[in-house]
Amino acid sequence: MKTVLSGIQPSGKLTIGNYIGAIKNYVALQKDHDCYFMAVDLHAITVPQDPAALREQAEMIIALYVAAGIDPDKAAIFMQSHVRAHAELGWIMTTLTYMGELERMTQFKDKSAGKESVGAGLFVYPSLQVADILLYNADLVPIGEDQKQHLELTRDVAHRFNTRFGDTFTVPEPYIPELGARIMSLDDATKKMSKSNPNPGSYIALLDSPDEIRKKLSRAVTDSGREVRYDPVNKPEVSNLMGIYANFSDLTLKEIEAKYDGQGYGAFKKDLAEAIVAKLEPLQSRYRDIRESGDIARILKQGAEKAAAKAEPILALAKERMGFIPSA
Ligand code: ATP
Ligand code: LTN
């Protein structure tokens, strides 16, 4: 059985971009893979986080994983910081990553742009991600397109380690959705929808109320035409909304075009809002049940134990290959 690993940062409220780009595939992959899904809290602190908000956002991710359909008895659901091997292999991987490689990372460039002081952790962030993935010998990593560059770095560092110290790590493959790999902001189709965007109108959060969802979609930017047609180059805003629609319904892009032929954007946006509400309402109700059940601590304990059991021997082997004296 192949191994799957992925994670989301507790750095804000999860959006439909996180759902389409990542969580939807986590749910699909758990059926026939050995799965590890975490909230990457050690990554989230590479930009300043308020402690109370960090805790709340981390719990939110875990509860949303379960509410979205990840079964904690099938997949390990855990906090990155509960499995200490992440921090340890993370350090080791910073020593195997080149400065030039880190300087080329677009996520670092985007997140540090215009900031006066930037923590060194933001720069070495990708090395920790390399460790996250190699620690489980993951074969597949479900991610959105923005993470492709980090995955390529992971593959390069895995090769580098294997060449220097002998075959140790599996070289992972990305698993990126065909439609929805990059959901764009509702207010600006040149920017990725992102949970840390200060404008809440730019994203739909998985926990937004039905009325918020309707309002945000009615305000979503479109072009001045009235044709519902998939053409990402010339009609990026409408094409983005169509991609979201296809992901939240059983309709294909062609069927969406046919359905709204000659109708303008009003009816299309209204139906899209209802399609999202219909999917999110049951998810939100499961979410509330899980938060109220007090079950999260147990899920996290079980998940961390399963994750550590897989990770520890892989870390021990890597250290031994590098020449560390094994502890007795
Ligand atoms: P932040 O704004 O804090 O950087 P984010 O919303 O970009 O966060 P991450 O925690 O960085 O989310 O990403 C979690 C997963 O969701 C990753 O696999 C990422 O590729 C995916 N993802 C995030 N945003 C989108 C999006 N707009 N479209 C598709 N996938 C996305
Ligand atoms: N860098 C990712 C989050 C992340 C991740 C991982 C994703 C950290 N470790 C391991 C997949 C596998 C992000 O910003 N979305």
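What you are looking at is a predicted structure, and each value in this text was computed from that prediction instead of being measured. Every number for a ligand or one of its atoms is a count from 1 in the order of the listing.
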Does [X] come within less than 4.0 Å of ligand 1, judged by its heavy atoms?
{"X": "D146", "answer": "yes"}
{"X": "G12", "answer": "no"}
{"X": "I8", "answer": "yes"}

Exercise. So, are E152 and R104 salt-bridged, with charged N and O less than 4.0 Å apart?
Worked result: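 Looking at R104 together with E152, the answer is no, because their closest N to O distance does not fall below 4.0 Å.
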For this session: Decide whether an N or O pair under 3.5 Å exists between S6 and ligand 2.
Result: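 In this structure, S6 places no N or O atom under 3.5 Å from an N or O of ligand 2.
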Exercise. Got an N/O contact under 3.5 Å between G7 and ligand 1?
Worked result: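 For ligand 1, there is no N or O atom that lies under 3.5 Å from one belonging to G7.
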Of the backbone atoms (N, CA, C, O) and the side-chain heavy atoms from C-beta on, which set of [X] has a member under 4.0 Å from an atom of ligand 2: side chain, backbone, both, or neither?
{"X": "I133", "result": "side chain"}
{"X": "L128", "result": "neither"}
{"X": "Q80", "result": "neither"}

For this session: Nearest heavy atom to atom 14 (C) of ligand 1 wins, so pick from N18, I183, V40.
Result: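 When every heavy atom of N18, I183, V40 is considered, N18 comes closest to atom 14 (C) of ligand 1.
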For this session: For side chain to side chain donor-acceptor pair (under 3.5 Å), just list the numbers for Y36 and T3, CA-CA rounded to whole Å, side-chain angles, deciding distance to a tenth of an Å, and then say yes or no.
Result: CA-CA 8 Å; Y36 299 84; T3 300; over 6 Å; no
Exercise. Cluster question for you: counting only ILVMFWY and a side-chain heavy-atom cut-off of under 4.5 Å, with indirect links fine, are Y19 and M60 together?
Worked result: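 Y19 and M60: one cluster.
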Exercise. Can you name the residues that form a side chain to side chain contact (heavy atoms under 4.5 Å, CB included) with T252, not counting sequence neighbours?
Worked result: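 Residues passing side chain to side chain contact (heavy atoms under 4.5 Å, CB included) with T252: K254, E255.
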Problem set entry | Under 4.0 Å to a heavy atom of K111 - the qualifying atoms of ligand 1, by number |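 Listed by number with element: 1 (P), 3 (O), 4 (O).
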For this session: Go through the steps for D208 and K13 under the test salt bridge (Lys or Arg N to Asp or Glu O under 4.0 Å), then give the verdict.
Result: CA-CA 9 Å; D208 276 349; K13 294 177 183 158; 5.7 Å; no
